[in-house]
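To start, the structure under review is shown below, and the notes come after it.
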Amino acid sequence: MKTNNNDEQRKTLPFPGKYILKSTVFIVASLFVSAALLGFLGYLNLNAFAGFKLIPKRFKPRFPYQCDVQDQTHQIPFSQNLTSRLHPNRSQPSSCPSYFRWIHEDLRPWKATGITRDMVEKASKTAHFRLVIHRGKAYVKRYRKSIQTRDDFTLWGILQLLRWYPGKLPDLDLMFDADDRPVVRSDDYTGQQNKDPPPLFRYCSDDASLDIVFPDWSFWGWAEVNIKPWGKSLEAIQEGNNITQWKDRVAYAYWRGNPYVDPTRGELLKCNVSENEEWNTRLYVQDWDKETKEGFKNSNLENQCTHRYKIYIEGWAWSVSEKYIMACDSMTLYVKPRFYDFYIRGMMPLQHYWPIRDDAKCTSLKFAVHWGNTHVDKAREIGELGSRFIREEVNMKYVYDYMFHLLNEYAKLLKFKVNVPSDAEEITPESLGCAATERWRDFMAESMVMSPSEEFPCDMVPPYDRLALKEVTERKANLTRQVELWEDQYFHDLANKP
């Protein structure tokens, strides 16, 4: 039988519709495979697939992937997190907040001489640990245990700095004292030949000391009293601010704390409301032992933004409570301090807080509340400006920038080659974090940097010249004196009322 040429063609030539169908199936399948891969790698937001926007997806912070613990098997290693390796459109750095100028002042005692290895090692007398950063890695020699876990969380914060700005810190060698009060007294090193002060880092200092001020451990969490890392706490406090508007807040001054750590706090309790006297205050004793047993039900920071005025007063030294109090949008009544931390020197009385006399607390507090309730708009403005300063200039980005610039400026003063001591051990997020348990572990996980900053550090501000520094100091003193004059006049008029 003869075969028809047209039939042969139909047998040998491909059918177009079949190829179109196969191609369509292949393309669709490829799209889904690509979408799944991009979603896995963190670039595609699958919930917004309709828009098909190629955007980096933020990973939920998890604990170091090497930890052999339950529910950590999906941890994405820092080095493999694609959002940590791609930095499109890095923004140009802005100028650092003005309080960064104090870095220069804190390091001024060593500007002329530099810092020798012998000076560093002399600071070991009171130090809790020695920190060496060498080729981007951190090494620690421990001398003694700190109160609670201050040392561990301080070191944890330094490890996060190394992850925030990887490869950007120079080699350095320093001593850190995690106790409260400064110990390097300037009088001990004034006018003496061949006796240089030891450079010692700590959380606060005072005008009579040379200790170098560094951000405190609680920025990464204070597990012993259930205070979460600063980023989380700041978010919670802001939510608390929104619950009770300023005009609806209780028109008294509020304080809750431990009055037994220093006599000045015991004196504050005498200013509480009583049957015989109304000092315009509402003061409460914080029993941390009871709070611990009851699960910290009554100590949530976000629930303490319900008064128009909040009192800050030091304890044994400066108090960690400062930043939480000042973040509440309430006008902070700031009892005259002896100590300072790293940022308070950038704040100004009558702009960010209301100064309170230390030697006449009760009358000073009474007048402050009276003034605020008769100048409501101005009192609210002071509270809001103080809180804005805390939110915008003491956020974690600037905390890391302060640490970065302080350590860089310190390293410039070292006159010796940094080596790792033979008895120092390398620390990593895994070596610190994997050993932690319960809240300690949770807070480390919450505060862990998961990818490097997409911004450069802020531009370091120049040091004060002597005249500018004098003007800043005098302005603070004059504003404080102005408040005292208003107060004196108020009570004079009150006493002379017919």
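Positions are given from 1 along the sequence. This is a predicted model, so every value here is computed, not measured.
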>> If you apply the rule salt bridge (Lys or Arg N to Asp or Glu O under 4.0 Å), what do you find for D401 with K397, and how did you get there?
In response: CA-CA 6 Å; D401 280 7; K397 190 266 193 267; 2.6 Å; yes
>> A quick test of your reading: do over 12 heavy atoms of other residues, nucleotides or ligands sit less than 6.0 Å from NZ of K476?
In response: yes
> Does a side-chain heavy-atom distance below 4.5 Å link Y334 with I344?
Replying inline: yes
>> Less than 4.0 angstrom from a charged side-chain N to a carboxylate O is my criterion; do D152 and R142 meet it?
In response: yes
>> Go through it in stages, so that I can follow the logic: the residues are Y252 and W279, the test is ring-ring contact (aromatic ring centres under 6.0 Å, His included), and I'd like the CA-CA distance, side-chain angles, deciding distance and then a yes or no.
In response: CA-CA 9 Å; Y252 293 103; W279 296 112; over 10 Å; no
>> Please give me the minimum heavy-atom distance between K232 and E446, naming the atom from each residue.
In response: CG-OE1, 3.8 Å
> How long is the gap from NE2 on H104 to NE2 on H405, to the nearest 0.5 Å?
Replying inline: 9.0 Å
> What do the steps show when you test Y398 against E392 for side-chain hydrogen bond (donor to acceptor under 3.5 Å, both in side chains), and what is the final call?
Replying inline: CA-CA 9 Å; Y398 283 131; E392 296 179 0; over 6 Å; no
> Salt bridge check: are D289 and K293 linked by an N-O gap of less than 4.0 Å?
Replying inline: no
> Where is the tightest heavy-atom contact between L268 and W255, given as atom of each residue plus distance?
Replying inline: CD2-CD2, 3.7 Å
> Hey, mind stepping through D179 and R202 against salt bridge (Lys or Arg N to Asp or Glu O under 4.0 Å) and telling me if it holds?
Replying inline: CA-CA 7 Å; D179 280 342; R202 72 178 333 103; 5.4 Å; no
> Using 4.0 Å as the upper bound for N to carboxylate O, is an ion pair formed by D329 and R391?
Replying inline: yes
> Nearest 0.5 Å, what's the SG-CD1 distance between C305 and I325?
Replying inline: 10.0 Å
>> Under 4.0 Å between a side-chain nitrogen and a carboxylate oxygen: does that hold for K366 and E278?
In response: no
> Taking the six-membered ring of Y254 as reference, does the NZ or CZ atom of K310 fall below 6.0 Å from its centre and within a 45° cone about the axis?
Replying inline: no
> Can you check whether W354 and Y312 have ring centres sitting under 6.0 Å from each other?
Replying inline: no
> Distance under 6.0 Å and angle within 45° of the ring axis: does K323 meet both against F219?
Replying inline: yes
> Counting only heavy atoms not in W288, do more than 12 fall under 6.0 Å of its CH2?
Replying inline: yes
>> Tell me whether S387 contacts the main-chain N or O of E384 through its side chain, where contact means a donor paired with an acceptor under 3.5 Å.
In response: no
> Is any side-chain heavy atom of Y165 closer than 4.5 Å to a side-chain heavy atom of L169?
Replying inline: no
>> Treating Q351 as the side-chain partner and M347 as the backbone partner, does any N or O pair qualify as donor plus acceptor under 3.5 Å?
In response: no
>> Are more than 12 heavy atoms, taken from residues, nucleotides or ligands other than R475, located less than 6.0 Å from that residue's CZ atom?
In response: no
> Looking at CG of D287 and CZ of R256, how far apart are the two atoms once the value is rounded to the nearest 0.5 Å?
Replying inline: 10.5 Å
>> Using every non-hydrogen atom in the two residues, find where G136 and L162 come nearest and quote the distance to one decimal.
In response: O-CD1, 4.0 Å
> Are any of the side-chain heavy atoms of N280 and F367 separated by less than 4.5 Å?
Replying inline: no
> Any donor and acceptor pair, going by atom type alone, linking the side chain of Y410 with main-chain N or O of D173 inside 3.5 Å?
Replying inline: yes
> Hey, what's the ring geometry for W220 with Y400, parallel, tilted or perpendicular (30° and 60° as the breaks)?
Replying inline: tilted
> Ion pair present between K137 and E425, side-chain N to carboxylate O less than 4.0 angstrom?
Replying inline: no
> From L413 CG over to T116 OG1, what is the distance, rounded to the nearest 0.5 angstrom?
Replying inline: 11.5 Å
>> I need the minimum non-hydrogen distance between V261 and G315, along with the two atoms involved.
In response: CG2-CA, 3.7 Å
> Within a strict 4.5 Å, meaning less than it, do heavy atoms of the Y260 and V285 side chains meet?
Replying inline: yes
>> Is it the case that the side chain of S205 and the backbone of I212 share a donor-acceptor pair, with hydrogens and angles ignored and the cut-off at 3.5 Å?
In response: no
> Parallel under 30°, tilted from 30 to 60°, perpendicular over 60°: which one fits the rings of F176 and F214?
Replying inline: perpendicular
> What's the verdict on side-chain hydrogen bond (donor to acceptor under 3.5 Å, both in side chains) for D262 and T264, showing C-alpha distance, side-chain angles and the deciding distance?
Replying inline: CA-CA 6 Å; D262 193 77; T264 189; 5.0 Å; no
>> Can you give me the closest heavy-atom contact between L414 and L172, atom names plus distance?
In response: CD1-CA, 3.8 Å
> What are the two closest non-hydrogen atoms of I356 and K361, and how far apart are they?
Replying inline: CG2-O, 4.3 Å
>> Taking the cut-offs as 6.0 angstrom to the six-membered ring centre and 45 degrees off its axis, would you call R345 and Y99 a cation-pi pair?
In response: no
>> Counting C-beta onward and ignoring hydrogens, is there a side-chain heavy-atom pair between L107 and L406 closer than 4.5 Å?
In response: yes
> Does a salt bridge link E409 with K412, judged by any charged N lying under 4.0 Å from a carboxylate O?
Replying inline: yes
>> Evaluate E267 against K270 for salt bridge (Lys or Arg N to Asp or Glu O under 4.0 Å), listing each step before the verdict.
In response: CA-CA 5 Å; E267 294 169 3; K270 299 175 183 178; over 6 Å; no
> Who pairs with R135 by salt bridge (charged side-chain N to carboxylate O under 4.0 Å, His left out), at least two apart in sequence or on another chain?
Replying inline: none
> Going by heavy atoms in the side chains, are R249 and N241 under 4.5 Å from each other?
Replying inline: yes
> Hey, are D180 and R150 close enough for a salt bridge, meaning a charged N less than 4.0 Å from a carboxylate O?
Replying inline: yes
>> To the closest 0.5 Å, what do you measure between CD (E322) and CD (E314)?
In response: 8.5 Å
>> Under the criterion ring-ring contact (aromatic ring centres under 6.0 Å, His included), I'd like the reasoning laid out for F153 against F443: C-alpha separation, chi angles, the key distance, then a yes or no.
In response: CA-CA 9 Å; F153 273 83; F443 289 176; 7.2 Å; no
>> Test side chain to side chain contact (heavy atoms under 4.5 Å, CB included) on L385 and M331; report intermediate values, then the result.
In response: CA-CA 9 Å; L385 286 176; M331 185 171 82; over 6 Å; no
>> Test side chain to side chain contact (heavy atoms under 4.5 Å, CB included) on M175 and Y143; report intermediate values, then the result.
In response: CA-CA 10 Å; M175 296 287 180; Y143 296 104; 3.2 Å; yes
>> When you compare the side chain of E235 with that of Q238, does any pair of heavy atoms fall below 4.5 Å?
In response: no
>> Test of understanding: with ring pair (Phe, Tyr, Trp, His ring centres under 6.0 Å), list the residues that count as partners of Y309, not counting sequence neighbours.
In response: none
>> Which label fits Y402 and F342: parallel for a plane angle under 30°, tilted from 30 to 60°, or perpendicular past 60°?
In response: tilted
>> Once you measure the plane-to-plane angle for F389 and Y343, does it fall in the parallel (<30°), tilted (30-60°) or perpendicular (>60°) bin?
In response: tilted
> Under a 4.5 Å cut-off applied to non-hydrogen side-chain atoms, are V140 and D151 in contact?
Replying inline: no
>> Just by distance, no angles: are the side chains of E487 and S364 close enough, under 3.5 Å, to form a donor-acceptor pair?
In response: yes
> More than 12 foreign heavy atoms under 6.0 Å from NZ of K290: is that the case here?
Replying inline: no
>> What's the separation between atom CH2 in W102 and atom CZ in R108, rounded to the nearest 0.5 Å?
In response: 10.0 Å
